Structures are given as structure tokens and as C-alpha cells.
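Please read these numbers as outputs of a predicted model, since none were measured by experiment. Order of the sequence lines sets the chain letters (A, B, ...), proteins ahead of strands, with each chain counted from 1.
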Amino acid sequence: METRRAYPFPEIEARWQRHWLENKTFRAADPGESGSERPKFYVLDMFPYPSGAGLHVGHPEGYTATDIVARYKRMRGFNVLHPMGWDAFGLPTERYAIQTGIHPREATRRNIETFRRQIRALGFSYDWDREFSTTDPDYVRWTQWIFLQLYRQGLAYVADAPVWFCPALGTGLANEEVINTPDGPRSERGDHPVERRTLRQWMLRITAYADRLLRDLELVDWPENIKEMQRNWIGRSEGAEVDFRTALGDAVTVFTTRPDTLFGATYMVLAPEHPLVPALTTPDQRGAVEAYVAAAARKTDIERTDLAREKTGVFTGAHAINPVFSDGDPRARIPIWVADYVLATYGTGAIMAVPAHDERDWEFAEKFGLEIVEVVVAPGASPSPGRPAQCFPGEGIAAHSGPITGLPTAEAKERICDWLEQRGAGRRRVNYKLRDWLFSRQLYWGEPFPILWRGGEHVPVGESELPILPPDLDDFKPTPDGRPPLARATDWVQVDPRTTRETNVMPNWAGSCWYYLRYIDPKNERAFVDPAKERYWMGDGGVDLYVGGAEHAVLHLLYARFWHKVLFDIGLVSSPEPFRRLINQGIILGEDGQKMSKSRGNVINPDVVVDEFGADSFRLYEMFMGPLEQSKPWSTQGIKGVHAFLARVWRLFVREDDETGRREPSPSITDAGPCDDDLRLLHRTIRKVTDDLDGMRFNTAISALMVWVNETMKAGAGGRPIPRAVALDFVRLLAPFAPHLAEELWALLGQSPSIALQPWPAAEEKYLKEENVEIVVQINGKVRDRLSVPAGTPPEEIDAAARALPKISAALEGSRLIKAVAVPGRLVNFVIAPK
RNA sequence: GCCCGAGUGGCGGAAUGGCAGACGCGCUCGACUCAAAAUCGAGUGCCCAAAAGGCAUGUGGGUUCGAGUCCCUCCUCGGGCACCA
């Protein structure tokens, strides 16, 4: 499909992209350099994973938004840091390498080249001198260095941990790399079955920061739903641990968030993996318990947590003593069960079951005929005479509960905790859902751990020996025995007769945990970042604006916050949080309104779009589609519309000689002074575009630019010229959105480059005031007439003027006036009733 | 099941509690053209032949002189979490 070019964008765009690159127009000034006396603004994109598929139309959406903000802030006098780089370690490249035989390093180099070319073709104002890849040896060095700081802080440790292992891929996978299917859990890549294996793993103690990661969400300006997702993920719950004595002499400790229901505990449940299960089980129950525990071990987590499943469990034969009852009270002795609805990995791996006030316990008790005792009544209700008819998990008033009977739930919790603590039978306790971070992968294409093994002990590599780079392998497939690929490099692994290297590598998240800091000082060989530069760019709360997809709401953003806090604690960074403000861009759907995918055949390729319509049209359209945060479908017709708009701007400003190709400013642009209408329109546009940019409402800002063009063309058709000063201000407003066209028009109007460094125009109040305003006149809320009055006319006068209108006076005459409301500058409403 | 977010023309969307539908797409008509494309101009929520008028922001209620906007009910869609005691 051949579309005629509406204006010469290919030539213009290529030329200005070259100009910006050659002149380093967007170089950010570091402290001490000229320009750094301006206020700083750090605007960051989530850097891409350069896959073999090339850039997707989703990438440039966020990148365009940040680029518009970066360009706008520069024009507003800020020293802007706007960098780009590559998050290039990881499984996709490694799988590609295995399939094609191309070394991951080479595949990465090619992919980065493609991404860089595609991103540059969109004219983003990045400071390319700061570009790096997480795979660069120099960057790996500092990633490993930061790992060593965590290691020294006792935040990295080795443990045997259950992981998803994929026999086909030969590697362990992160939870997020595994998807649940009807055929059981499978690998996201390749769709192979995966299984649970316990492997020796590196873990990071993120749980030590759980509380601060939760609390400090209050310090950041993020979308509320993202904060909520992090809060849920961290999952803080306050409650108590309670010790129940058993016949063994050992107490079994349970965790509960409802210690006020302790008097209603009618049985206890241990997770199948609970260490006391074998010792507690009585001889006559041993067979059943062992069979149950073995069956549970074979199940995956997903099978075990499937809600549709009926609850299962077996009685151990043992009993526990509830500490809240006095000796000899028959209610004190409760049976101990084993059931897989209790998780070994949360709390103490054991619970007290209160079926009357917990849905899960209720279901279990009903199924196995266990006792149910009501100990909380809904406010205003009275206790059930016998067994309660249904579960009541809410808060209420304690009943049948000894010393706390009659107390509301909150108070009952406090009192019972005091009581438990005084007697040494329990204690207040906070638990988190957040688990420590499984930090090793059995891959080749990642950062090796800077760790040696000597006599079964791990020792850190000296900092001067960094970086530890992956050895050059020809075969980076996993080893047949399930050890990581690096284990093949025997020369590399065996450092000396008694020392070997760690062969796991770090997950892909490691590099993205601190890249925003390296942009500040990307070439520093003595430190991961210079402290003075760090203070300058991160000093007041970190990155000023961070834009990326909501799919990183929890993992990347939580991991990066964790590393940042560790660095903050050891005095290496100056803000407690890395990203002060966060925005998630929406997803761009295919033209059919479905998610873009190769299999649906609805993928839009940015290269093709840029070829046909140009980068400015592409940028403008992505922003014009709708609010940044919203998901919206791509429309080829839609991009034609904004393309036509840019062509209209071109024709409005430029006259081209068809024969010679010579271009000059349109003759309608004159040095005549602007008239009042010109100035009112211009300043209204400046005000609207400025306000919308401050609020990141790009779609309505663009619509204001369109309104200016429409009005100006209408005036031009009536013979009115465009004053040069007005034209120049319009081009400034256009510059952040369509920077190539704006530069070209700027130069054509005789200005010297670059418009990117020009000051932003200011809206002057005196041109924003309307002389006359239209007042809507309503009767019973319906518009019946209008009138025009001078701005600032007081309500009484508006009221009087409205009554004088023939239509209105006629209506008022025939009826009874109940009320009149006059809003200055807006409307009058007469409320009437029939006589 | 629980927690968020969203429902507005044929479509994307716009509207400090004050004229619903800015801007754009599409469509209709006209100008230019041998013709088409491009461009320019006019129109375009629905009902009614038109005007007058009426009806319209997922549903049903409420607050208000006045509700797309605030409150409650329900429905639908999208996202997240999911036996975390």
C-alpha cells in the first residue's frame, strides 16, 4: 500500500537525529559542569530487554511520554538526566543461543544494535554517552560488588530450597517463569512440564526489610494500586504465637491473627512437613499419617492450593493443651491433625483451628465432624443457643471466653496477649507473607557469583578481582546431571586444588536493581557511583519520574527498593527510596482490541509505522490515543489523522517550490504585530498545553495544538496573516511532541538550533480573560436561552438580565417562581411550578 | 472468594457538581479533478419529514436548584491476590 508522503519527514527526521547526536544536544550536566546550577530532573524509562523480536509498539509509548516530559523540563530550565540502556542477561537470549548456536554475547550484541537503531529512529532525547548494558564487564563488576556488600551485611546466604526445576530446559526457574495449566505447572518458555526439586540455592534476606519496604511506601508518589499490590505481597499481619503443651513435653507453637478466639480452638492442625509430626503421631495412626505426608510431598504447591479442592487431613492420635483453660478443664484438650491446607512456610507451620470463626477451619471441621464452639458474636446479635449455624469470621464481641468475655475484638486481642505474655504461654508477633528472595539460577547467561568454595565453606572473591566473567563456553547447555552450565568449565571452576568457584549465576533482576544509579556515573572505575554525583541526581527523593509497565509492579520494583535500602543503610546512597514518582503506561492492544501477539497476527511493527508516517507521527499518535495509564487499541486510521495534522502544520508554515524544491517560510507569516484575537488564542493554547504537560495529559495537550491550527487556518482563509512571534511560540509548544518537525520549522523561520534548548513560552493572564461570557439560562434545569454579559457581572444583574429575555419572562409569567440560582460566569436556573 | 480500576456516539476519547460528546477517526454532502487520491469547506448522539420538542453517560435508587462527576444497590469488563491462619 503506497501512501503519498504528506510532508518530507524522512529527510527532516534523519537530519535532526544526526544533528542531536553529533552535537550532544541532550548531554546532562554533572555537578561542577556548566548547566548543573539549574535544578535537576531525573526522568527514567524502564530499560528494555533487547529480544530478538525487536522493538514492540508498546515500548515507545512510555518512552515517548518520558521524552516529552524530558524535553519540556529542559525548556522549563531544568538540567535533565534522561538515559537509556539494556537489560540483557537472561533466559530468552540463552535459549536462542542454544537453538541457533550463536553465542549469547553475540546475540545480545546484535539485539542491542537493533533496539538502539529502532529507538534512535524515534528521536528520543537520551544522553547516549551514558548508555550501557547490564552485560558489560564493567557493569557486571559493580553488580557483583554490590552483591558482596549484601553478603557482608549477612543478607546473602545459602540454603536448600525447593525450586521449580524444568528437566527439558535443564534449569531451575523462578516462580514468575512458571505458569499453571490444566496439565499442571509448565515453563513459560517452551511449555515444558516442571517439577519441584530441592536444590542448594543462594537466598537474599529481603524479609529483614519487610517492615521498611511496607512503611516507606508512604514516602513515594506511586499509583495507589501498585502500592496496594506491594502491600499485599509483603502481607504483614499482626497476631500472636501461642504455645500448646503436648504429651511429648515439647510445646507446639501456633501463629494466629485472632488470639481473641483462643477459647474457640477445638483442634489443631500441623502442616505435613512440620518437624514434630513424626514424634507426635501415635502408633495406631502412624500408617495413615505417613501415607498422607508422603502423598502431600508429591503434590505441587499449585495442586495443594487449588481452592476447588476438598480439604483433606488425618488425625495424629495426639492431643494438645490449650493454655487459656485451667488444669482439668475438659475444653483444654484438643486433637492434633495433619492437613495440607496449613502451609509449612508461613508462621510456625501449625495453627489452632477455630471453626466457628474461620471459613477454612469451618469447612474442615464440617467434613471431619469436629467440634465447633462459638466465641465471638456479631455486634447486636445474641450467642447461638447450641452449635452455630454458620461461620462468622468478622469482628464482634467475645463470648464464652473467660476473662475477655464481653470485650470487642480489638480489645479482646490486647487483653489475651497481655495474659499470654504474663504467663509465658505466648507472645505478640508480626508475620509477613513475603519470603526470602531465591537469588540463583542454573544458567549460563548471567552474572556469576563472586564466591569461592573452600572446604565446604563459601568465601567472597576479593573486590580487586572483579568482575568475574562467565568463562567462554562452546556448549552452554545445562549439564545432563542438572548442574549449572558453568560447571562444564572445569578450568574456570577449579581455581586451585582446594578451591572451586560457585557455578550458579544471578537472576536477571540483579542488573535492573541498580541501573538507575549507574546512569549517574556510567564510566566510573573506582566506584559504582560517585557520591557527589549521586547526591546531586538522587538527593531529594530519587528519580523524579519513572515510567514503565505495571507487570513490574511487584518484582522489579520491590527488589530494586530492597537493594536501594541496603545501599542507603551502608551510606552509599542518599535517599531511602529510589523512585519518587512512578507512572504505569497502559498496554497497546491490536487493532482488533485484543492483546498483540504473533499468533493473532495483529502485531504492529514500529519500523513499518515510522517508515510510512515518520517518527513524529508515531510519537504524536501514541500520545493522542488516550490517557497514558490506560490500555487502548491501535488504529491505522488514527495515525493517519495525526499525520495529516503534522502535514497541515507543515503547509501552514512552509512554501515549497514544486520545481526547485526550494523551501521558504509561508508568505502568510509576517512581521506584523499580533492582534488581540491572535494573542488570546495563543495564550489560551500556551496555558492549556502547559497545564496538560504538568499533569501528563498528553492527549488533551495535543488536541489544544490541533485547535490552534484549526483556528489559525480559519483566520487565514479570511485573509489574516500569522505574526512571526506567534508562529515561533506555537513551534515551541509543538517541540516536545514532534521534535523533528519543530526543529525544522524553527530553523526555517530563521532561528538557530536547537529549539530543544529554548525557553518555554509563558501564558500571560491579561490575554486569558474573556471580555464577554455566555450565560446559560435554564428553567427547571433545562437550557431555554442564553445571554452574553461582560465578564464579572454580579449574580443579581445576571438574574435581572435573564428575566428580561422574552422566552423567560413568558415562562415566568404563567407560573410560580420557587427559586432562582445565579452562578456568575456560568448560568441562571429558575425553578418554577404551575400556578 | 477477596482487593483494586473502568463502563460516555459507529470507533479512540473530552468534560473545577453548571450548555454531555472538546480533539481525532469514520461517514454524508459540496469544491478542485477527465477521474481517483490528496487537499479545502459544510454537516454528523438518538427519536421526529423539519422545526418545536423529547430522550440520552452500564442498571436501579438517593443527595442537590442542577449529577457523567458525590452516596448506596446490582450487572459487565479489565488487572492483581488467592487455604498466608
How would RNA chain B look in dot-bracket form, 5' to 3', counting Watson-Crick and G-U wobble pairs with both distances under 3.5 Å and writing | for bases paired to another strand?
(((((((..(((.....[....)))((((((.......))))))(((.....)))..(.(((..]....))).))))))))....
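In this structure Arg648(A) satisfies the salt bridge (charged side-chain N to carboxylate O under 4.0 Å, His left out) test with no other residue, sequence neighbours excluded. Annotation: ring pair (Phe, Tyr, Trp, His ring centres under 6.0 Å) contacts of Phe624(A) (sequence neighbours excluded): none. In this structure, the side-chain contact (heavy atoms from CB on, under 4.5 Å) partners of Glu414(A), at least two apart in sequence or on a different chain, are Arg428(A). Listed by chain and number, the residues in a ring pair (Phe, Tyr, Trp, His ring centres under 6.0 Å) with Phe645(A) amount to none (sequence neighbours excluded). For Arg651(A), there are no salt bridge (charged side-chain N to carboxylate O under 4.0 Å, His left out) partners at least two apart in sequence or on another chain. With sequence neighbours left out, the side-chain contact (heavy atoms from CB on, under 4.5 Å) criterion links Asp436(A) to Tyr157(A), Met203(A), Arg205(A), Ile206(A), Thr207(A).
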Produce the list of close N/O pairs, under 3.5 Å, pairing protein atoms with atoms of nucleotides 6-10 of chain B; give distances to one decimal.
none

So which protein nitrogen or oxygen atoms get under 3.5 Å of nucleotides 27-32 of chain B's nitrogens or oxygens?
none

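Within residues 690-706 of chain A, the residues that place at least one heavy atom under 4.0 Å from RNA chain B are, in residue-number order, Asn699(A), Thr700(A), Ser703(A), Met706(A).
The stretch residues 582-597 of chain A participates, sequence neighbours left out, in no salt bridge (charged side-chain N to carboxylate O under 4.0 Å, His left out) pair at all.
With both ends at atom P, the span from A22(B) to A14(B) equals 12 Å, rounded to whole Å. Only the P atoms considered, C25(B) is 12 Å distant from G41(B), to the nearest whole Å.
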Which side-chain N or O atoms in residues 819-829 of chain A pair as donor and acceptor under 3.5 Å with protein atoms at least two apart or in another chain?
{"from": "Asn829(A)", "atom 1": "OD1", "to": "Gly781(A)", "atom 2": "N", "distance (Å)": "3.0"}

